[in-house]
Amino acid sequence: MQHPKKEQTLVIIKPDALQRSLVGEIIGRFERIGLKLVAMKMVLPDEAFVEAHYTLDSEWRRVTGEKTIRSYKEKGKTPPSEDPLEITASILERLKKYMTASPVIVMVWQGAHAVKIVRKLVGGTEPLTSDVGTIRGDFVLDSYEVSDGDTRSIRNLIHASGSVGEAEKEIEHWFKKGELVNYHLVQDHILYDVNLDGLLE
Ligand code: ADP
Ligand code: MG
């Protein structure tokens, strides 16, 4: 079995983050928690590639539709539809426009609990209700209500894999095997070495 420090997750810096010059800020947050960057590139995806990315997980349509309905109801508002799949059909159309509006930066970050740690730093899907201190909570102010009212995707700066299984499929979708690099990062010794040997002169 591979060591937990080898867990990987896929992150996409979306067009709005790139246009708002937040690339360095976002990368800095993943660096400072101790994750290791093992792949990165700038890509201009087409709509079919974006649709394939979001539908890699066969449950995504249902789960995302249900999440949207729940969020409306929690705020005492009426969702655009009661049918999760109808909601996701329009979300997907809007996502294709959003994600192809400018280049995106795609990265693979590695480390213990990489998937959950990155999701924690990224925050919830809707910036209005994302926690303060998260990327989506600190740098953007969109909501389901405003984005649905304007028939566009919710602008939340970043994509991050939702589970280890999702990460594996997404990494394979965006990267060829040889594009991921295995290397030692000096800080890995401090994060993971059992004995912290060799620090004293
Ligand atoms: P997350 O990115 O947090 O994993 P989802 O996988 O549920 O969220 O949705 C993918 C992306 O689709 C979101 O990041 C967001 O940009 C967009 N999106 C999701 N739900 C809605 C919605 N109800 N209205 C507009 N855009 C949405
Ligand atoms: Mg998701």
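Residue numbers count from 1 along this sequence. When a ligand or atom number is given, it counts from 1 through the structure's own listing order.
Of all the heavy atoms in I87 and P80, the pair that sits closest is CD1-CD, 4.4 Å.
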Only pairs under 3.5 Å count here: list side-chain donor-acceptor contacts from residues 10-18, not counting sequence neighbours, and write none if there are none.
{"residue": "K14", "atom": "NZ", "partner": "N156", "partner atom": "OD1", "Å": "2.8"}
{"residue": "D16", "atom": "OD1", "partner": "Y98", "partner atom": "OH", "Å": "2.8"}
{"residue": "D16", "atom": "OD2", "partner": "Y98", "partner atom": "OH", "Å": "3.1"}
{"residue": "D16", "atom": "OD2", "partner": "L157", "partner atom": "N", "Å": "3.2"}

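Salt-bridge annotation for R61 and E66: absent, with no side-chain N of the basic residue lying under 4.0 Å from a carboxylate O of the acidic one.
Both the sub-6.0 Å distance and the 45° axial angle are satisfied by K36 relative to the ring of Y183.
Applying the side-chain hydrogen bond (donor to acceptor under 3.5 Å, both in side chains) rule to K75 yields the partners S71, E126; only residues at least two apart in sequence or on another chain are considered. In this structure, the side chain to side chain contact (heavy atoms under 4.5 Å, CB included) partners of D197, at least two apart in sequence or on a different chain, are N195.
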Just the distances, no angles: every ligand 1 N or O to protein N or O pair closer than 3.5 Å, one line each.
{"residue": "ligand 1", "atom": "2 (O)", "partner": "R136", "partner atom": "NH2", "Å": "3.0"}
{"residue": "ligand 1", "atom": "3 (O)", "partner": "T125", "partner atom": "OG1", "Å": "2.6"}
{"residue": "ligand 1", "atom": "3 (O)", "partner": "R136", "partner atom": "NH1", "Å": "3.0"}
{"residue": "ligand 1", "atom": "4 (O)", "partner": "R119", "partner atom": "NH1", "Å": "2.9"}
{"residue": "ligand 1", "atom": "4 (O)", "partner": "R119", "partner atom": "NH2", "Å": "3.4"}
{"residue": "ligand 1", "atom": "6 (O)", "partner": "W60", "partner atom": "NE1", "Å": "2.8"}
{"residue": "ligand 1", "atom": "7 (O)", "partner": "T64", "partner atom": "OG1", "Å": "2.8"}
{"residue": "ligand 1", "atom": "7 (O)", "partner": "K67", "partner atom": "NZ", "Å": "2.9"}
{"residue": "ligand 1", "atom": "8 (O)", "partner": "K67", "partner atom": "NZ", "Å": "3.4"}
{"residue": "ligand 1", "atom": "8 (O)", "partner": "T125", "partner atom": "OG1", "Å": "3.2"}
{"residue": "ligand 1", "atom": "14 (O)", "partner": "K14", "partner atom": "NZ", "Å": "2.9"}
{"residue": "ligand 1", "atom": "14 (O)", "partner": "N156", "partner atom": "ND2", "Å": "2.8"}
{"residue": "ligand 1", "atom": "16 (O)", "partner": "K14", "partner atom": "NZ", "Å": "3.2"}
{"residue": "ligand 1", "atom": "16 (O)", "partner": "I154", "partner atom": "O", "Å": "3.0"}
{"residue": "ligand 1", "atom": "23 (N)", "partner": "T68", "partner atom": "OG1", "Å": "3.0"}
{"residue": "ligand 1", "atom": "24 (N)", "partner": "D148", "partner atom": "OD1", "Å": "3.2"}
{"residue": "ligand 1", "atom": "26 (N)", "partner": "I154", "partner atom": "N", "Å": "3.0"}

